[in-house]
Protein chains: 2
Amino acid sequence: MTATTVHQPTHREALWALEDAFERGDLITVFGRCTVEYDGRAASSLGVGRRLLVLKPDGTALVHTDENQKPVNWQPPGSEHHAAVRDGRLRVRSVHTSPDETLAVRFETVEQLSAMSVSGRRDLSVTGSEADLRNALLDRPALIESGFEPLATERPTDAGPIDLFGRDSDGRPVVVELKRRRVGPSAASQLQRYVAAIEREEGDNAAVRGILVAPSVTDRARRLLAEHELEFVAVEPPSSTGDAGENNTLDTEPAETNAFDLAVDDSAHDSAGDATGNDESEAAGTVPADEESN
Amino acid sequence: MTATTVHQPTHREALWALEDAFERGDLITVFGRCTVEYDGRAASSLGVGRRLLVLKPDGTALVHTDENQKPVNWQPPGSEHHAAVRDGRLRVRSVHTSPDETLAVRFETVEQLSAMSVSGRRDLSVTGSEADLRNALLDRPALIESGFEPLATERPTDAGPIDLFGRDSDGRPVVVELKRRRVGPSAASQLQRYVAAIEREEGDNAAVRGILVAPSVTDRARRLLAEHELEFVAVEPPSSTGDAGENNTLDTEPAETNAFDLAVDDSAHDSAGDATGNDESEAAGTVPADEESN
DNA sequence: CGTGCCAGGTGCCAT
DNA sequence: ATGGCACTTGGCACG
C-alpha cells in the first residue's frame, strides 16, 4: 500500500502513525482542530481552527486553511519534525536552526492522518522566463535596436550583474536590463546603478546608454528613466495562450519551445523515536542531507 | 463526519467524490500518479510522478511533491476547479481568468482522495514586521538620532511613499527608510530615490538627509550609501522571543465560508449526479462572491 | 481593477 | 555560508 490513512484516531494512535511515516520518509497530511505557534524570524500565534498540516520528508511543514495559496504558517525545508503526545494531545513541532525558528502545532482533535510515499519528479520546465526573453533577444538583437550588438550576458559590475551588455551601431556601450513583467521604479533604479557602474569603469568620457526592456512601464518609472536619460523598449510577454501552443512535451531535453511570440521559435530557451518514559512519547523525522545539486 | 476519504477509488468514483466535495465547499486532497500542465503567465509541463494535489474552495490549487515549501505547480485563488473523467482517467482542470491561466492535472492512478470541511480561521498576528519596527522608532525617535523628530509615516512623494519622514535637531528634512533585515544595494537605491524626490519638492537649496535603518548592511550597499552621502543606522529588529505579546484572542465566529456551492449555477455545462452514460462526466466548483472583508 | 511595495517571502546560483 | 536577484512571486493597501 502506498498510502495509509487513519480516521478519527486517538492522539496516541496518530503519534504511532506519525512515527511510522517519519520512518518511511513519507509525505504526511494531518487534518484536525489545532492551534499554531510560530517563533523565529518573526512570531505569530493562531487560534484554534480546523486546518490541514502537511509534513514533508525534507523538513518542510505547511499549515493550510480554507483559503489562500500560501500557508498561514510554515516551516522551511531542513527543519526537523518532532511529534509527541502531551496532556493527551498530539503535538507536532518543527524546528529549524540557522535561522532559529520553531513551528508548534497542538491538536485538539485529529480527524484524519495520511501518509504516502511521494517520489516527486521535479523535472519541470518553464517557458516565458526572463532567461527565455534574453535568449530571444540574443537571437534577434534588432528587436532592441537596429545595429545593436550583444557582447555579454550577466556581465559583472560593481553594482551587480548586467542582464545584457553590448554596443550600438556607433560603438557606444549599452546596458540592457530585462524584465518579463511591467516594471516599476525599482527597475529604473537598477538600470541606473548599472549604467553608473559602467561609466565608472569606462571613464568619464564614456557615454553609456541604458535600455530597459519589458512589456510595459509605469508612469512613475517612465519619468525616472527620462530623468536619467535612460531608454525603454517594449517587448511582448510570452504568448502561450494565444495559439494552439502544445509546445512542451518535455523529457530529457528542453525541446524547442517558442517562448516569446515576437521571437520566432527559439528556445531557451529520521530519525528516531525513543519513548521518553512518561506520558511523553516522541518521534522525529527529517532530512538534512545536503546533496550537491547540479 | 467532517472528513471523508476514499482509497484506491476508480477514476469515476474519484469524480463522484470530487463532485460531492465541490458541492460542500470542502478542502480536498488527492494523491496519485499524475502529469501536470500549466499555461498562463508562463507555461510549464511536469512529467508523471506521485504527487499531492490540494484543492481549496476558494479556487486555489496546489501540486506538492516530496520536497520544497512551494508547490511545483499551482493556481491562484479565484480559479474554478473542474473535474472530469476522460479516457477513463480522472482529470482536474483549474481555470483562472485575468490573467488567463490554466492548470491541468491528469491522473494515471488515484491512490486516495480526501475531503474535509475546514473552518479556516486566519486570525494570525505577526510581530517583527516592518510596521513593528516603525512603531518602535516612533516611540523612541532617539534610536535613530538624538533630536530627530518624526513628522509623518508613509509620506507620499513622486518616487513613492517614504517609510518615515521627519526633521533633525537642525531642522533639516530627514528621509528614513526602514528594513527589517540586512539590506543590499536596492535599499540604498530606494532611499536615494526618495531623497531626490524630497529635494525636488523642497527646492534646490534644501539639504535633505537620508538615513537607512536596518539591522545591518552589505558592503556594496554601504559603498552606494557613501557615494550618495546617505547614512546608515543599525537597529536590531524587535526580539520576538522577549515579550511576544499574546496578542490575539478573537471572537468566535462560525464563519460561514461555504464557497463552492453558491456560485456555480451559472455554469453552462453542469451534468452532475446520475451516470452520464458517456465517458465524460464533469463537475465544477469555485469561489463565490466576495464578501465584505473588513 | 491597476500600482506599488512588504514578505517569516522562496528558490537559484554566484562568490 | 553570504550575496544578489528572479519569481506563474503572493498578499495587502490604496487611488
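Per chain, numbering begins at 1; letters A, B, ... match sequence-line order.
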Could you give the distance separating D/dG11 and C/dG11 at their P atoms, to the nearest angstrom?
15 Å
Atom CG of B/D158 and atom C1' of D/dG15 are separated, to the nearest Å, by 15 Å
What integer number of Å spans the C1' atoms of C/dC5 and C/dG9?
12 Å
Exactly one of B/V176, B/D163, B/L178 should register a side chain to side chain contact (heavy atoms under 4.5 Å, CB included) with B/R134. Which one does?
B/L178
Spacing between A/E154 atom CD and C/dC13 atom P, to the nearest angstrom:
12 Å
Should the heavy atoms of other residues, nucleotides or ligands under 6.0 Å from CZ of A/R220 be counted, would the total exceed 12?
yes
Rounded distance in Å - NZ (B/K56) to C1' (D/dG11):
13 Å
Can you tell me if A/R106 has over 12 outside heavy atoms packed within less than 6.0 Å of its CZ?
no
Quote, to the nearest angstrom, the C1' distance that separates C/dC6 from C/dT10.
14 Å
Nucleotide-resolved protein contact map, nucleotides 4-11 of chain C, B/S/- at heavy-atom distance under 4.0 Å
SSSSBSSS
Mind checking the P distance from D/dG10 to C/dC12? Whole angstroms is fine.
16 Å
Charged N to carboxylate O below 4.0 Å: is that the case for A/R193 and A/E177?
no
Side-chain (B/H82) to main-chain (B/R91) donor-acceptor, under 3.5 angstrom
no
Given the P atoms of D/dG4 and D/dT8, what is the spacing between them in whole Å?
23 Å
N/O donor-acceptor pair under 3.5 Å between A/R41 side chain and A/E101 backbone:
no
When you compare D/dC5 with C/dA7, how far apart are their C1' atoms, in angstrom units rounded to a whole number?
15 Å
